[in-house]
Number of protein chains: 2
Amino acid sequence: MPRFTHPRLDDVPLDLALHALADPNRLGMIARLAATQQLSCTGAAPCDSIPKSTLSNHLKLLRAAGLIETKQAGREMINTLRRAEFDQRFPGLLDAVLANNLY
Amino acid sequence: MPRFTHPRLDDVPLDLALHALADPNRLGMIARLAATQQLSCTGAAPCDSIPKSTLSNHLKLLRAAGLIETKQAGREMINTLRRAEFDQRFPGLLDAVLANNLY
DNA sequence: CTAACAGTTCAATATTCCCGAACTATTAAA
DNA sequence: TTTAATAGTTCGGGAATATTGAACTGTTAG
């Protein structure tokens, strides 16, 4: 049974956060999550051509960067943006990224 | 003679810019360049343990991301931040990064 | 000239990323 | 109940990237 670990935002270094965002697919997912309240893993996918193992890895990375929270609900995993926490840790960063994200 | 190519900022995708910033050494260099008007390559180095070929590659990457401009002056290369242009292309991004950069 | 300097380029190694295959867990259907 | 389908994770090996020592280019100081 998958149990996810979510870092405290204080433990997330800036370069890790930037690295998590520095990918078109992950940017797409973050944009979707920002526009929606919560999404399943496949629901967060930026397109349907991306393999699910890859998708899973992207989400793991976003989790490790403190960007999303994942909890199990039935057989789905529900992902949500940790927006308030992330914004407090890195003020203005996510806003700037989302404002420029044309994906 | 090394002649550098600098992209138009319009041609720099967001994920490339983020990728360029998503590294502690490059963040250190950008912070230095933001604090100083111009720096040689070795002068921009975040520490002196980093090999110069690595340093050269980091600077090439920052150049490709539209973050810095490099021109030759004698036998040195003078690097400057393309701050105004970058800010116009990605409003608030560099500010957010520099504000959170503790390196 | 010659030597030293500032940095680039190249190529080999090390690291990271991607994705198919196999797996776990949960629920819907028969 | 089983059985099958769904939703996702994990693992491993090949592909792609990054790092860095060595050799090189171009510039200036002596």
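In the text below, chain A, chain B and the rest are named by the order of the sequence lines, each starting its count at 1.
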Open item on the list: Looking at every heavy atom in both Leu59(B) and Met29(B), which two are closest together, and how far apart are they?
Closed with: CD2-SD, 4.0 Å
Task: DNA chain C contacts among residues 60-70 of chain B, heavy-atom distance under 4.0 Å - done: Lys60(B), Arg63(B)
TODO: May I have the distance from His58(A) (atom NE2) to dG8(D) (atom P), rounded to whole angstrom?
DONE: 15 Å
TODO: Keeping the roles fixed (side chain from Arg82(B), backbone from Arg63(B)), state whether a donor-acceptor pair exists under 3.5 Å.
DONE: no
Task: Spacing of CZ belonging to Phe86(A) relative to CG belonging to Leu21(A), to within rounding of 0.5 Å - done: 5.5 Å
TODO: To the nearest Å, give me how far apart CD (Gln72(B)) and C1' (dT27(D)) are.
DONE: 8 Å
Open item on the list: As a test of reading the structure: which of dA28(C), dA18(D), dT9(C) is closest to the side chain of Arg75(A), going by heavy atoms?
Closed with: dA28(C)
Open item on the list: Let's see if you can work this out: which of dT19(D), dG21(D), dT8(C) has an atom nearest to the side-chain heavy atoms of Pro51(B)?
Closed with: dG21(D)
TODO: Return the 5'-most residue of the pair Ser53(A), His19(A) with respect to DNA chain C, ranking by each residue's nearest nucleotide.
DONE: His19(A)
Open item on the list: Between C1' on dT20(D) and CG on Leu55(B), what's the gap in Å once rounded to a whole number?
Closed with: 12 Å
TODO: Supply the atom-to-atom distance Leu14(B) CG to Leu93(B) CG, rounded to the nearest 0.5 angstrom.
DONE: 7.0 Å
Task: Spatial distance of atom CG (Asn100(A)) from atom CG (Asp95(A)) [nearest 0.5 Å] - done: 11.0 Å
Open item on the list: Let's see if you get this right: which residues in residues 36-43 of chain A place a heavy atom under 4.0 Å from DNA chain C?
Closed with: none
TODO: Could you tell me the separation between the CG atom of Leu61(A) and the CG atom of Leu67(A), rounded to the nearest 0.5 Å?
DONE: 9.5 Å
Task: Protein-nucleotide distance (Lys52(A), atom NZ; dG20(C), atom P), rounded to Å - done: 11 Å
Open item on the list: To the nearest 0.5 Å, what is the distance between CD on Glu85(A) and CZ on Arg8(A)?
Closed with: 11.0 Å
Open item on the list: Has Arg83(B) got a side-chain atom pairing as donor or acceptor with Leu94(B)'s backbone, closer than 3.5 angstrom?
Closed with: no
Task: Spacing of Phe4(A) atom CZ relative to dT9(D) atom C1', expressed in whole Å - done: 8 Å
Task: Distance below 4.0 Å between Thr54(A) side-chain N/O and dC18(C) OP1 or OP2 - done: no
- [ ] Verify, without hydrogens or angle tests, whether Asn79(B) (side chain) and Leu39(B) (backbone) share a donor-acceptor contact under 3.5 angstrom.
- [x] yes
- [ ] Rounded to the nearest angstrom, tell me the gap between atom CG in Leu59(B) and atom P in dT9(C).
- [x] 12 Å
Open item on the list: Nearest whole Å is fine: how far is dT25(D) P from Met77(B) CE?
Closed with: 14 Å
- [ ] Between dG8(D), dT19(D), dT26(C), spot the one nearest the side chain of Asn57(B), thanks.
- [x] dT19(D)
Task: Length of the CD1-P vector between Ile50(B) and dG7(C), whole Å - done: 13 Å
